[in-house]
Every structure is written in C-alpha cells, then in structure tokens.
Amino acid sequence: MVKTRFAPSPTGMLHIGGARTALFNYLFAKANGGEYLLRIEDTDQERSTEENKEIIREGLDWLGLGPTDGKWVLQTDSLERHKQAVQKLLDEGKAYECFTSKEELEAMREAQKEKGETIRYDGRHRNLTEEQKQAFRDEGRVAVIRLKVEEEGTTSWDDAVQGTIKVPNYTLDDFIIMRADGYPTYNFVVALDDHDMGITHVIRGDDHINNTPKQMFVYQAMGYELPIFAHVPMIHGKNGKMSKRDGATNVLEYKEAGFLPEALNNYLMRLGWSLGDEEVISMERATEHFDINNVNKSASVFDQVKLEWFNAQYIRELNAEQLLTHLEYFFTKEGLTLNDTIRGYLLNGGINAVKNKAKKLPDLVKALEFFFKAPPFNFEEKEVSILETDGYKNNLQLFVNKAQNIEGTVNHDTVSEIVSELCEETGLKFKDFGMPLRVALTGTTQAPGVGDIVEIFGKDESIKRIQSAL
RNA sequence: GUCCCCAUCGUCUAGUCGGCCUAGGACGCCACCCUUUCACGGUGGAAACAGGGGUUCGAAUCCCCUUGGGGAUGCCA
C-alpha cells in the first residue's frame with residue numbers, strides 16, 4: 001500500500017511551501033488509496049519549540065491536511081532506536097568516530113575553497129587506531145559519528161518528478177550521522193524513520209535533492225529497500241525568494257486575512273500540478289485525479305492576486321449560513337455584534353446580495369457593515385450632499401407614498417415597479433431615486449441594489465428608515 | 001569555487017514522449033457592453049516556446065553548448 005508522509009520541522013511556522021508539500025503528499029496518498037502520515041522532525045534540540053509544533057498542527061488542521069491515521073509522531077520518540085542503529089553501523093565498521101574539531105573543519109573547508117575543490121570532509125579520521133582515539137579523548141574531545149560513504153562511482157535514482165538524477169560520489173563525503181551531543185542527525189534519521197514507517201513514496205521539496213544520495217547510503221548501510229523519491233519544485237517570490245512582499249509565508253496568516261482553506265488548497269495544488277485546463281478543482285476531485293506525473297519540474301512564483309481570485313470563487317460557492325459561520329470571527333474582530341434582527345437580515349438576503357463581489361472574508365464584513373447600523377446615521381460629506389441634492393428629499397417622499405399603498409410585502413420587483421412609475425410620472429432617472437434611497441436606507445453610498453435592501457429590511461423598516469432621513 | 005536541478009505570455013500553466021500549435025486555458029492588464037453606487041457579469045484585445053547549434057521530411061516537444069534562475073555545499077531540517 002502506498003504510504004506518504006509530511007515531515008515538518010518545528011523550527012518555525014508552517015511555511016506556505018511546506019503546506020503545498022503536505023498537500024501533494026496527501027493528494028498522492030489519497031489518489032492511490034494509501035495513507036498519509038505525519039512526523040515532526042524535532043531532532044534539532046536547540047531550535048525546535050513547542051509553540052511551533054502547535055502552530056504547525058493548527059495550520060495543517062485548518063487546511064484539512066492532518067494525517068490519515070490521526071497520529072502526530074515525534075521523531076525524537078524514536079531516539080533509542082536511532083542510537084541503536086548508529087551503534088549497529090559502528091559495530092559493523094560502516095560508521096566511525098570522528099574527533100575533528102569545528103575549527104579544524106573550518107580550516108579544511110577554507111583550504112578546499114581556495115584550491116577550487118569540492119568542499120567535503122576529507123575522511124581524516126576514517127581509520128584512526130585505538131591509541132589515536134584515546135589520545136583525542138584525553139584531550140577532552142567528544143566524537144561525532146560519520147558514515148563511510150563510497151568514494152568511487154556515481155549514485156543515481158529515478159525521481160518521480162525530476163527524472164533520473166545522477167551525482168558523482170566524489171562530491172559526497174562521510175557525513176555526520178550522530179552529533180557530539182548524542183543526537184542523530186537529520187539525514188540519518190529520516191531514512192530510518194521512513195523505512196520504519198513503511199513509507200513507499202518520499203515526496204518533498206527539491207531542496208532535498210542533494211540530501212537524497214546521503215540517505216540512500218543510509219538505506220544501503222542498513223540493508224533497507226529504497227522508497228521512491230519525488231522532489232517537487234519550490235515556490236518562489238517575484239524576486240527570487242518568497243518574502244512578505246509576495247504574500248505571507250506563514251499559513252495561518254492566510255486564515256487571519258480571510259482566505260478559505262479550500263481556496264488556498266486549490267491555489268497551492270495549481271502551483272506545479274495541473275489537471276488539463278481546469279482551474280477550480282475541489283479537494284474531492286483532486287484526490288481522485290492527482291497524478292505525480294503531471295507535476296512540473298520548475299519552480300513557480302507565488303501570486304497572491306490569483307489566490308484572491310480563487311478565494312472569490314469559493315466564497316460564492318458557500319451559502320449564507322456557511323459564510324456566516326466563517327464571518328462571525330471577523331465581525332467580532334471589527335467590533336460588530338450580531339443580534340437576531342441582524343442575523344435575520346444577513347441570512348435572508350444580506351449575504352447573498354454581496355457575496356459575489358468579495359475576494360476575502362473581510363470584504364464581506366465591510367459590505368455588510370451597514371446592517372449593523374440603524375438611523376440616525378452619522379453621514380459623511382458624500383452622503384449628506386446626496387440627501388441635500390435638490391428634489392431628492394421630495395423623491396424619497398414620493399417613494400414612501402407609493403410604498404405605503406402597497407398591500408402586503410414589498411420586494412425587489414415591487415421596488416422596481418414603484419421607481420419605474422415614478423420615473424414616468426416625474427421624467428426623472430432611476431438614479432434620482434436609487435441613490436437617495438440607498439443613502440437613506442443604509443447610511444452609505446456603497447451598498448447592494450435598492451430593491452434588495454428594501455426586500456431584506458421589509459416594508460415597515462424601510463419606510464421608517466427613509467422617513468428618518470427626511 | 002564545486003555539485004545538483006530548472007527554463008512556454010508579466011504570473012500559474014496546456015502541450016504525453018516530433019506533425020492536429022499561424023502555441024490553448026486561467027489570473028492580471030486594456031477596450032467596449034451591462035448598470036440605481038461599488039462590484040459581479042458579458043464580449044473582444046495585447047501578451048510566450050531564453051539564445052545558438054545539431055538530429056529529422058518535419059521540433060515548443062529529442063541531443064549539445066551558451067545564458068539566465070534556483071538549490072546544496074552545517075555537529076539545520
């Protein structure tokens with residue numbers, strides 16, 4: 001069975017690029033009827049934090065990208081297992097103690113750089129005698145453990161998205177598998193854990209291409225079967241690196257900015273993957289049709305404007321009730337308090353009247369704000385000048401006169417009829433009634449169509465509002 | 001420096017492994033239309049195969065070089 005995993009490191013927030021890696025792992029697993037697991041790579045004791053773990057969890061949960069088995073595995077939970085593996089390789093002579101100090105390593109790299117050579121550990125402690133080791137220990141040095149890496153030949157693999165990748169072994173070196181502090185390192189531990197968890201497909205960012213040969217040596221030294229590697233391209237910003245200018249790098253900032261998770265997912269999956277000419281692709285459809293063969297090899301640039309377009313598409317797809325659920329948080333954030341009357345306005349037409357002009361949730365809040373207010377309004381200059389326009393108040397009165405004579409309820413159509421009649425009778429234009437009505441009803445010039453507003457407020461409330469402007 | 005990877009409109013991409021491509025779609029942009037404000041919407045438009053060599057009857061598609069970008073080069077992941 002296909003098994004993928006997302007393995008974030010809690011040394012920072014959940015990055016937008018990481019989210020897409022998680023998404024691809026999820027989609028691939030789902031599309032192949034497999035499992036998608038999660039493992040927190042917390043072997044960097046100095047930089048990993050509890051807060052970051054929480055932030056990553058929150059971000060993934062928001063996107064609906066939690067592991068299919070519901071387990072959040074911590075890499076350090078397998079510390080003993082990892083240490084035993086190190087010992088095994090040591091015993092088998094496949095790994096060795098290295099006492100080279102950081103200063104010595106730095107000097108070595110400096111020299112290699114000057115000579116134009118590949119920068120790599122030169123294997124100076126590969127064949128130390130017991131006496132030499134003891135001498136270093138007596139000096140107070142603590143050894144790291146390095147894996148012996150084949151120096152001849154080339155290492156290559158068939159990458160599921162990049163094709164065949166070959167790298168000459170002379171550019172590789174005996175890398176450290178266990179630090180002096182006793183904690184095994186990333187390149188060693190990923191291989192072990194991926195094997196232990198039964199991962200069949202390692203899908204990750206292409207910044208890991210260079211790590212792959214090293215990990216392959218670990219699989220080989222441990223006698224494990226290799227998984228399939230798939231290195232997906234990075235997400236860049238307009239000027240190279242992804243920065244705040246291009247959009248937030250922290251996934252949770254998108255939640256805060258009023259993006260819908262399904263929109264972010266859709267946008268992210270289109271960065272690198274395509275399903276013909278389709279743009280709006282639901283998670284359901286994506287999990288059905290995701291194909292790693294259609295993943296691009298080249299990096300893509302993050303474009304928040306297009307993300308906003310996707311968000312607008314998904315906002316329209318939600319009904320008023322669903323949107324209201326999302327909106328509540330943003331209302332309170334703006335200090336707008338919902339009550340039964342307002343809730344009624346919003347659910348019975350309010351939200352539907354404005355939802356397809358919004359790109360982000362806060363846009364809706366702004367568009368719906370007038371429902372939270374009632375006359376007397378604090379008019380601004382623009383509104384005042386409209387109400388003071390010659391004849392406009394009279395137009396309002398004419399409207400009220402007709403509306404009052406309507407039997408039963410007033411709706412969008414009756415408003416149109418009334419205004420049409422008035423236009424005919426007075427020779428005025430629709431806007432000579434529409435604009436003052438809008439201002440009188442809502443206190444603002446930017447609002448939905450007058451017919452919609454009157455229908456939502458109802459006849460009595462509408463007339464009351466208009467009269468208070470007279 | 002060395003190694004690895006990448007290269008179609010401004011951006012995301014289609015192009016299925018050479019012919020149906022005078023290169024298609026989407027975002028954005030421009031124009032017009034719709035219109036009671038703001039938007040939505042509709043119609044149309046400008047806009048790309050990085051450059052140079054090959055291979056071939058034929059190349060965006062295959063090969064090589066150049067250039068440009070990215071990544072790695074850690075006792076980070």
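Lettering follows sequence order; numbering is per chain, from 1. What you see below is based on every heavy atom in this structure, not just the backbone, and it leaves out hydrogens, waters and symmetry mates. Bear in mind the structure is a predicted one, so any value in this text is a computation, not a measurement.
Between A:Tyr186 and A:Lys115, the one whose closest nucleotide on RNA chain B sits nearer the 5' end is A:Lys115. Ranked by how close their nearest RNA chain B nucleotide is to the 5' end, A:Phe310 and A:Thr11 are led by A:Phe310.
A salt bridge links A:Lys53 to A:Glu50: one of the charged nitrogens lies within less than 4.0 Å of a carboxylate oxygen. Taking a cutoff of 4.0 Å between a charged side-chain nitrogen and a carboxylate oxygen, A:Glu369 and A:Lys366 do not qualify as a salt bridge.
Judged by Watson-Crick or G-U wobble contacts below 3.5 Å, the nucleotide B:G10 has B:C27 as its partner. Across the strands present, B:C21 finds no partner; the criterion is a Watson-Crick or G-U wobble pair with both atom distances under 3.5 angstrom. With a cut-off of 3.5 Å on both pairing distances, B:U35 has no Watson-Crick or G-U wobble partner at all. Under the Watson-Crick or G-U wobble criterion, with both distances below 3.5 Å, B:C49 has no partner in any strand shown. B:G1 is paired with B:U73 under the Watson-Crick or G-U wobble criterion, all donor-acceptor distances under 3.5 Å. Using N1 to N3 plus N6-O4 or O6-N4 for Watson-Crick, or N1-O2 and O6-N3 for G-U wobble, each under 3.5 Å, B:A60 pairs with nothing.
Between the CZ atom of A:Arg146 and the C1' atom of B:G74 there is a distance of 10 Å, given to the nearest Å. Residue A:Asp122 contributes atom CG, which lies 18 Å from atom P of B:U73 at whole-angstrom precision. Between A:Glu278 atom CD and B:C27 atom P there is a gap of 15 Å when expressed in whole angstrom units. Here the C1' atom of nucleotide B:A26 and the CG atom of A:Leu307 are 14 Å apart, to the nearest Å. Between A:Phe175 atom CZ and B:U73 atom P the separation is 13 Å, expressed in whole Å. Atom CG in A:Asp159 sits roughly 18 Å away from atom P in B:G71 (whole-Å rounding). With rounding to whole Å, A:Gln45 atom CD is found 13 Å from B:C75 atom C1'. A:Arg204 places its CZ atom 13 Å from the P atom of B:A72, with the value rounded to the nearest Å.
Counting non-hydrogen atoms under 4.0 angstrom, A:Thr154 reaches nothing in the nucleic acid. Residue A:His208 is in base contact, counting any heavy-atom pair closer than 4.0 Å across all strands shown. Here A:Thr444 lies out of heavy-atom contact (under 4.0 Å) with every strand. Residue contacts shown for A:Val144 include a base, since a base heavy atom lies under 4.0 Å away. Nucleic acid contact for A:Glu117: base, since at least one base atom lies under 4.0 Å from a heavy atom of the residue.
Separating the P atom of B:U16 from that of B:U61 is a span of 12 Å, rounded to the nearest Å. Going from the C1' atom of B:U13 to that of B:U55 covers 29 Å, rounded to whole Å. Atom C1' of B:C29 sits at a distance of 9 Å from the matching atom of B:G10, rounded to the whole Å. For the P atoms, the distance from B:C40 to B:G28 is 8 Å, rounded to whole Å. Spacing between B:C12 and B:A47 at atom C1', rounded to whole Å, works out to 15 Å. The same atom, C1', is picked in B:G15 and in B:G54; the two are 23 Å apart, to the nearest Å. As rounded to the nearest Å, B:C6 and B:C49 have C1' atoms that lie 16 Å from one another. B:G52 and B:A48 have their P atoms separated by 16 Å, given to the nearest Å.
One N or O on the side chain of A:Asn266 and one on the backbone of A:Glu279 form a donor-acceptor pair closer than 3.5 Å. One N or O on the side chain of A:Asn169 and one on the backbone of A:Thr155 form a donor-acceptor pair closer than 3.5 Å.
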Quiz item: After noting the C-alpha distance and the side-chain angles of A:Arg39 and A:Asp194, does the key distance pass the salt bridge (Lys or Arg N to Asp or Glu O under 4.0 Å) rule?
Solution: CA-CA 10 Å; A:Arg39 185 177 70 230; A:Asp194 284 339; 2.9 Å; yes
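Partners of A:Glu425 under the side chain to side chain contact (heavy atoms under 4.5 Å, CB included) rule, at least two apart in sequence or in another chain, are A:Lys402, A:Glu421, A:Leu422. Applying the side chain to side chain contact (heavy atoms under 4.5 Å, CB included) test to A:Ser48 and every residue at least two apart in sequence or in another chain returns A:Pro10, A:Thr11, A:Asp42, A:Asp44.
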Exercise. Could you encode protein contacts along nucleotides 3-13 of chain B as a string, one character per nucleotide from 5' to 3', using B for base contact, S for sugar-phosphate-only contact and - for no contact, with a heavy-atom cut-off of under 4.0 Å?
Key: SSSSS---SBS
Quiz prompt | Sequence-aligned protein contact record of nucleotides 35-41 of chain B, with B where the base is within under 4.0 Å of a protein heavy atom and S where only the sugar-phosphate is | solution = -BBBSSS
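Within 90° of 0 lies the glycosidic angle of B:C40, which makes this nucleotide syn.
A:Phe290 and A:Trp273 have their aromatic ring centers within a separation under 6.0 angstrom. If you look at A:Tyr36 and A:Phe28, their ring centroids are not closer than 6.0 Å. Between A:His208 and A:Tyr186, a ring centre-to-centre spacing shorter than 6.0 Å is recorded. Ring centroids of A:Phe302 and A:Tyr267 are separated by less than 6.0 Å, placing the two rings close together.
Classification of the A:Phe457-A:Tyr345 ring pair by plane angle, with boundaries at 30° and 60°, yields perpendicular. Under the 30°/60° scheme for interplanar angles, the aromatic rings of A:Phe229 and A:Tyr219 are found to stand perpendicular.
OP1 or OP2 of B:C75 has at least one side-chain nitrogen or oxygen of A:Arg109 nearer than 4.0 Å.
For the salt bridge (Lys or Arg N to Asp or Glu O under 4.0 Å) with A:Asp174, the lone residue among A:Arg146, A:Lys148, A:Arg126 that qualifies is A:Arg126.
Within the structure, side chain to side chain donor-acceptor pair (under 3.5 Å) contacts touching residues 441-452 of chain A (residues at least two apart or in different chains) are A:Lys382-A:Thr445.
Taking a 4.0 Å limit (strictly below) on heavy-atom distances, residues 389-399 of chain A does not reach RNA chain B anywhere.
Side-chain N/O atoms of A:Asn211 and base N/O atoms of B:A77 include a donor-acceptor pair closer than 3.5 Å.
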